[in-house]
Structures are given as structure tokens and as C-alpha cells.
Amino acid sequence: MGAPKVKKGTTQPSSEKMSTTVLFYSFLLTLQYGAQPLISKRFIRREVIVTTMVLTCEVAKVICAVILMAKEGTLKKVFKKWTLIESLTASGLPAAIYALQNSLLQISYKNLDSLTFSMLNQTKIFFTALFTYIILRQKQSMQQIGALFLLIMAAVLLSIGEGSSKGSASSNPDQILFYGIVPVLVASVLSGLASALCQWASQVKKHSSYLMTVEMSIVGSLCLLGSTLKSPDGEAIKQHGFFYAWTPLTLIPVLANALGGILVGLVTSHAGGVRKGFVIVSALLVTAVLQFMFEGKSPSIYCLVAFPLVISSISIYQKYPYRVKKKES
């Protein structure tokens, strides 16, 4: 049997050590991804200023990434080769996009039930596929295209269900649509675009995942700080203070979100998109279980119909990648 393909410039660790590492990172990411919506709703007051949440999370990501680079012994080497122009080229635009995406997600958390949020958030896979084709010309297999259509059907079902549901975070259908469904779908579009840009940067610029995390967090934070000069959040910060309505427990979702950002890069670099896809599916199950356990909410009929569609579409998409047909010699 042939050995798994390894990226150039990397060393193949023992299969046992690699398997243990991948399982550990995947388990942590599954818990984080599945629990994040419930944690955010439980520990973040509605009065908390969204921008302060995003900025604090970005700072936490930088600290985590720097610590991990220092632990690996690559910190000095990475920053000796660092240049401002290269950093802005590789990370500037994705950072600004991700900063806006995170703000939209924070708004959506407060206006959708946790399971619906998690399932709608999976549409970012479709937009990632779309933008990687546009930017990187990466084709999809027929099975993947079918899986993406299943995902769109699930998103439509969820939108209809949330718009008419009375068991959601808000009883106002317009608020659910414009402050819950629309923000998470726009965030998914932005996520797909940013992911494709990051993939392009990593292939062309050969950036490490940790360095890109630091760069994108810093640039994104600067963009977000600039936007506060004229935004309602900026006025709220001036009037009430940066940590208005925060409690010590507010740090739990902030740190969890920062950890998730680091783990996404680790899972992808160690195992690729297939394992990440299984993590996403597992996280949906975790969200459903936790929502039932802690909130006592049973999914609506629309969620019950859409749930297997989401699971099937993600599983098929990850299992049947596009393969280039080898020419006969």
C-alpha cells in the first residue's frame, strides 16, 4: 500500500502519532464547534457590544498563536522573514472579511436557535467550493455538485422553518429573518471568499497557519477599530465603556471561539478537509444533543427534515472529491 501523500517541505510522522494527534484535535474542535452557539447564548448578555466581543477574541487568537509558535521553536525564524507588504498581500483582505463575518455571526447567535444556526452556518462549504473554483480553478466531482444542491435545499427548509417558528430565540419573524438568518448566510458567503483567498495565500506565499492567524487577527482588529469611529457600536463603547454588560463568564465563549480558530488550522494541516468535514457533521450532532439537554428544545419539523440533508450533503462532499483522470501511457 502506498504511503499517504505529504506536502513538500514537511516530515511524515509515525502513523500512530499522527492518528492520535488528529483524533485529539478533531475531538476538541467537534466539542467547540458544536457547543459554541449554546455557550454564546448562555454567557453573553444581549446588551454586550458585539465589536468588543470580536476584538477580544482576536487578541486571544494572537496570544494563542504566538505561544504555540514559541513552543514549536519557529517564532524567531518566522518573524525574521516577515515583511509588511507580504503580510498585507497574504492576510489583509481575508482579515477584513473575517472581521465582518465574525460580527455577523455574533448578531446571528442571539436571534436563532442553536441547531438552526449551526446548520445554516454549514452553507459556507458551498460558497467555499464556489470561490475556490473561481479563484483557484478547483473543480468539483458530480457527487460534490449533488451534495451542494442538497445543502441549498436544507438551507431553504431552515429559512422557511425559522421564519414561521414560534420557538426561536425571538417571537418576531422579521427579527429572526433579518437579524438571524440573513447575517449567518452573508457570513457564510464571506467565509467562503476568505477561505479561498487564504488557500491562495498559503499556496503562493507559503505562510504557516499560526503566522496567518496572527496577521489576520491584527489586520482584522485594526479594520474593526476603524469602523467603530462612525458605527453604533463605537458610540456605545464611548458612552458605556468597552466592557459594558460583560461578566467574568463572558470570557468563556470568547476564549472558546479563539481556541476554535486555532484548532481549525491544526485539523486542516494535520488531516485535510476530509477529517474537518467529519468534525462539522459531528458538531451538528453535539449541538442538537446539547440544545435538547440544556434548553429543552425539540427541533422543528423543518429542522428534522433538513438535518439528514445537511449530514448527507457534507458527508458526500467530503467522501467523493474530484479526481483528475490519469492519461494512459
Just verifying a value: how many Å separate [X] [atom1] and [Y] [atom2], rounded to the nearest 0.5 Å?
X	Y	atom1	atom2	result
Ile262	Leu29	CD1	CG	11.5 Å
Leu190	Phe131	CG	CZ	8.0 Å
Ser191	Leu104	OG	CG	11.5 Å
Phe79	Thr74	CZ	OG1	9.0 Å
Ser313	Met153	OG	CE	10.0 Å
Ile63	Glu58	CD1	CD	12.0 Å

Could you tell me which residues satisfy side chain to side chain donor-acceptor pair (under 3.5 Å) with Thr250, sequence neighbours excluded, listed by chain and number? Thr247

Keeping [X] on the side-chain end and [Y] on the backbone end, is there a donor-acceptor pair under 3.5 Å?
X	Y	result
Thr213	Ala65	no
Gln144	Ile316	no
Ser312	Pro308	yes
Asn111	Ile176	no
Asp233	Thr228	no
Ser315	Ile311	yes

Met69 and Val214: CA distance, side-chain angles, deciding distance, side chain to side chain contact (heavy atoms under 4.5 Å, CB included) verdict: CA-CA 10 Å; Met69 280 192 288; Val214 172; 3.9 Å; yes

Assigning hydrophobic clusters by single linkage (Ile, Leu, Val, Met, Phe, Trp, Tyr; side-chain heavy-atom cutoff under 4.5 Å), is [X] placed with [Y]?
X	Y	result
Ile85	Trp82	no
Leu211	Leu84	yes
Val59	Val54	no
Ile67	Leu75	no
Leu68	Ile218	yes

Nearest heavy-atom pair of [X] and [Y]: which atoms, and what distance?
X	Y	value
Ala60	Leu255	CB-CD2, 4.1 Å
Arg45	Ala245	CD-O, 3.4 Å
Ser108	Gly180	OG-O, 2.8 Å
Lys61	Gly261	CE-CA, 4.3 Å
Tyr320	Ser141	O-OG, 2.6 Å
Ile44	Pro253	CG1-CG, 3.6 Å

Taking the side chain as everything from C-beta on, heavy atoms only, tell me whether [X] gets closer than 4.5 Å to [Y].
X	Y	result
Ile135	Leu193	yes
Leu112	Val184	yes
Tyr33	Leu263	no
Ile97	Leu197	yes

Students often mix this up, so state it plainly: with edges at 30° and 60°, are the rings of Trp246 and Phe243 parallel, tilted or perpendicular? perpendicular

Examine the side chains of Gln239 and Glu235 and answer whether a donor and an acceptor come within less than 3.5 Å of each other. no

Compute whether any side-chain donor of one residue and acceptor of the other, for Ser87 and Glu215, lie under 3.5 angstrom apart. yes

Give the intermediate values and the outcome of side chain to side chain contact (heavy atoms under 4.5 Å, CB included) for residues Leu224 and Ser103. CA-CA 9 Å; Leu224 201 55; Ser103 295; 3.9 Å; yes

What do you reckon, is CG of Leu229 surrounded by more than 12 foreign heavy atoms closer than 6.0 Å? yes

For Phe292, does the CZ atom sit with more than 12 other heavy atoms under 6.0 Å from it, leaving out its own atoms? no

Output the rest of the hydrophobic cluster of Phe43: all Ile, Leu, Val, Met, Phe, Trp and Tyr residues reachable through side-chain heavy-atom contacts under 4.5 Å, sorted by chain and number. Ile39, Leu249, Ile252

List the steps, then state whether side chain to side chain contact (heavy atoms under 4.5 Å, CB included) holds for Val66 with Val62. CA-CA 6 Å; Val66 169; Val62 171; 4.2 Å; yes

Stepwise side chain to side chain contact (heavy atoms under 4.5 Å, CB included) test for Gln32 and Asn257: CA-CA 8 Å; Gln32 184 276 326; Asn257 201 13; 4.2 Å; yes

